[in-house]
Amino acid sequence: MRVRTILLTVAAALSTAALACFAASAIAAPDTPDPVADAKAFRKYFTDKFPKVKLEDFVNGPYSMNEDMRKQWKEKEEFPPYEFALDAGKEMFSKPFKDGKTYADCFPNGGIGIRQNYPYFDEKEGKVITLELAINRCREANGEAPYSYVKDEMASLTAYMAFTSRGKPMDIKIPNDPRALAAYENGKRYFYTRRGQLNFSCASCHVQSAGEHIRAEVLAPALGIMNALPIYRSEWGGMGTTSRRLVSCNSQTRAVPLEPQSDEYRDVEYFLSYVANGLPISGPGSRP
Amino acid sequence: MSMIGNMALATALLVSGVGSALAATEADYKAALAAAESAEKDAATLRNRWTKTESTLAAAKKAAAAGDFDAAAASAREAEALAKASILQATSEKTHWKDMEIR
Amino acid sequence: MTIDRFSATRRLVLKGTSAVALIGLGVDLGFGSAHALAAANDKYPEEAFKLKSDKDAIRGLYGKTAEASDKVKLDAPEIAENGAVVPISVTTTLANVTSISFFASENPNALAASYIIPEGTLPAVANRLKLAKTCNVIAIVESGGKLYSATKEVKVTVGGCGG
Amino acid sequence: MASTIRVRASNSGDTTEVQALIQHPMDSGYVKDAKGQVIPPHFIQQLTFEHNGKAVFLADWGPAVAKDPYVKFSFKGAGKGDDLKISWVDNKGATDAITAKIQ
């Protein structure tokens, strides 16, 4: 029993000391979130840090940061391995449900060229709705079983829908609704919160160390990081959804992942997409 | 600034490694496991569990099943320390997330 | 049965095909027999693929050794973004080339791929290989019955920051 | 069933550039699945390209060729509208073939 008490007192003493010294230095940040100012500052951080990278190129992640990686990417883009997932997605998209309807009936503009508007804040439900969630809601509304958020079917479908929006600027709206602002802030908090035994936040890698190597991989900048999703990863040998990417990032920092499409994941996608407004959709992307 | 946060966590983990001298009995193991699982439950409510805690808990149960209560109790204690560290991380990050925020 | 072609070209080209669309007829001619009409030694080099080291595999495949030549241009990345898909290609100015092969020194079996270049086919190949770990990638070109090689080290490591 | 072979063959002057992408797992036999079982080797061994009944390119592949394999080469002596027959056979004896038009 003695061990535990020593442990607790030492840890507690250290953290109170730490807290004390922070209190002095923390500037009284304004409490009401200001997404417009955040987005401007977010973009400025990356354009200042990487002046040679063209704004719209940030969406190409590691390939906007490293020439050797970019060359390998360009060679694969000649005839990308995600062709098969794209074709499968297109076929699935037009295959009617048992009740005769198709995805086109669920989505504005028949689901074509609309990926840049996702995720959006649903004022009736008071929650963020991502493209993956909307697809499963459409399936359930038409008597079909929902797809897994981390498996091939969802990846192929979202790949096809992303492909129909390629080049269109990300266009995420935050309606004048305190719950929308709260969701945005919740996403921002998740993005900067350290987690897992490695004690990393998303920002530790994608803001502080963007462009640097972590083993063989080059870390993608956070600006526009959602624009390329879903991604075909050589690591996975297949197309992976946004949910799968977030879950695998969590486990890499040794944090236990949450349920796919949990509020935190939906909100962080909302935050990251909003601050990338104006940057082009480049999904489906291919990555290491 | 984040260095101090890291040190707090590192100490929490280091100290947890110290094993107790006497051979642990099944009762010791059960008590240690209960404490660890309760701490991990708190970490879960903060939605901030660590995979390392989960694997250490599993190792504790595996050792216990094999009858090695010494190792089982030690793993359970380590799991509890890890769970507490993850709780500490979650509570400290409630304010510290702003440290790295781009403004 | 036409296959609706999806041509994903340069990253940000707007929708619509700019590369050459192609209508595959997808006709299967019941192609049963071995490639009777293919070029000379078209038999699958089973043994060579089983040999371990690149030296043995080169000798096993061609029965001779190669000399390095700057006329063999091997293009491979410094650091492979992922060992599972490494774009590697070779071109050469050597004359009457009959075969091109790729070897990876640290793979379980060095011989990765071998190509027969019949008369009238240009001596250049691009492909995507798997590399187990950091290794020497060796391209071999058989020209006029002699073997010429180019070698480049490609660094390969596990991705991610640690699960 | 849609073909596993995607081909782009474009001709300019006397040279035809051919790119092929094939849907195939190319399992090497060195990888384990989630349950720890070794996935048996399953890879394309020979890929043949023929024009007017004559082989213009023949690939002998081992397990070190990447999944959904890709190859690019060029050859002389064909014109726009000619047929290009592509066929592969893997170590399990499975095959697929397609005849494509050179653009």
Side-chain angles (χ1 to χ4, degrees), chain C residues 1 3-7 19-32 34-35 37-39 42-46 48-50 61 84-87 89 100-104 107-132, chain D residues 1-3 5-11 14-15 17-19 21 26 28-31 45-51 53-78 83-87 89 91 95-103:
Chain C
M1 168 193 76
I3 295 168
D4 184 339
R5 271 294 294 113
F6 240 99
S7 72
V20 161
L22 186 104
I23 302 134
L25 301 182
V27 168
D28 184 345
L29 302 174
F31 183 75
H35 319 301
L37 15 90
D42 63 346
K43 201 174 69 52
Y44 182 69
E46 196 83 36
F49 274 109
K50 290 200 175 69
L61 187 62
V85 183
V86 186
S89 60
I100 292 178
S101 301
F102 293 93
F103 300 81
N107 274 4
N109 305 92
L111 175 56
S114 173
Y115 301 94
I116 290 174
I117 312 292
E119 187 58 40
T121 298
L122 280 73
V125 179
N127 57 180
R128 295 168 187 165
L129 304 179
K130 288 186 243 185
L131 302 179
Chain D
M1 218 289 276
S3 166
I5 305 170
R6 293 280 189 292
V7 185
R8 282 186 208 150
S10 56
N11 172 283
D14 190 25
T15 309
E17 183 189 77
V18 180
Q19 289 184 339
L21 185 74
M26 300 302 282
S28 62
Y30 293 99
V31 177
Q45 292 188 316
Q46 282 203 317
L47 171 68
T48 312
F49 294 79
E50 282 161 55
H51 168 252
K54 178 175 126 358
V56 292
F57 192 70
L58 193 139
D60 290 325
W61 278 346
V65 172
K67 179 180 188 233
D68 296 337
Y70 165 84
V71 71
K72 178 163 90 169
F73 68 97
S74 300
F75 72 101
K76 292 188 181 317
D83 277 354
L84 181 66
K85 197 161 89 52
I86 303 100
S87 59
V89 58
N91 64 326
T95 67
D96 192 3
I98 188 173
T99 301
K101 274 269 185 283
I102 296 173
Q103 298 299 311

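Everything quoted here is computed from the prediction, not taken from an experiment. Naming convention: chains lettered A, B, ... in sequence-line order (proteins, then strands); numbering from 1 in each chain.
Taking the side chain as every heavy atom from C-beta outward, D:Thr99 and D:Leu84 never approach each other to under 4.5 Å.
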- Task: Would you sort out whether C:Ile117 and D:Phe57 count as a side-chain contact (heavy atoms from CB on, under 4.5 Å), showing the intermediate values?
- Result: CA-CA 6 Å; C:Ile117 312 292; D:Phe57 192 70; 3.8 Å; yes

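Aromatic pair D:Phe73/D:Phe49: centroids less than 6.0 angstrom apart.
Of the listed residues (C:Ala112, C:Ala113, C:Ala132, C:Ser114), the greatest number of heavy-atom pairs within a distance under 4.5 Å of chain D belongs to C:Ser114. Listed options C:Val86, C:Leu122, C:Asn127 were ranked by heavy-atom pairs under 4.5 angstrom with chain D; first place goes to C:Leu122. Note on C:Pro108, C:Ala104, C:Pro87: by heavy-atom pairs under 4.5 Å with chain D, the leading option is C:Pro108.
No donor-acceptor distance shorter than 3.5 angstrom exists from the side chain of D:Lys54 to the backbone of C:Pro118, with no hydrogens or angles considered.
In this structure, chain C has heavy atoms under 4.5 Å from both the backbone and the side chain of D:Ser28. Residue C:Tyr44 touches chain D through both its backbone and its side chain, counting heavy-atom pairs closer than 4.5 Å. The parts of C:Leu129 that come within reach of chain D are both its backbone and its side chain, each placing non-hydrogen atoms under 4.5 angstrom from that chain.
The salt bridge (Lys or Arg N to Asp or Glu O under 4.0 Å) search around C:Lys50 returns C:Glu46, not counting sequence neighbours.
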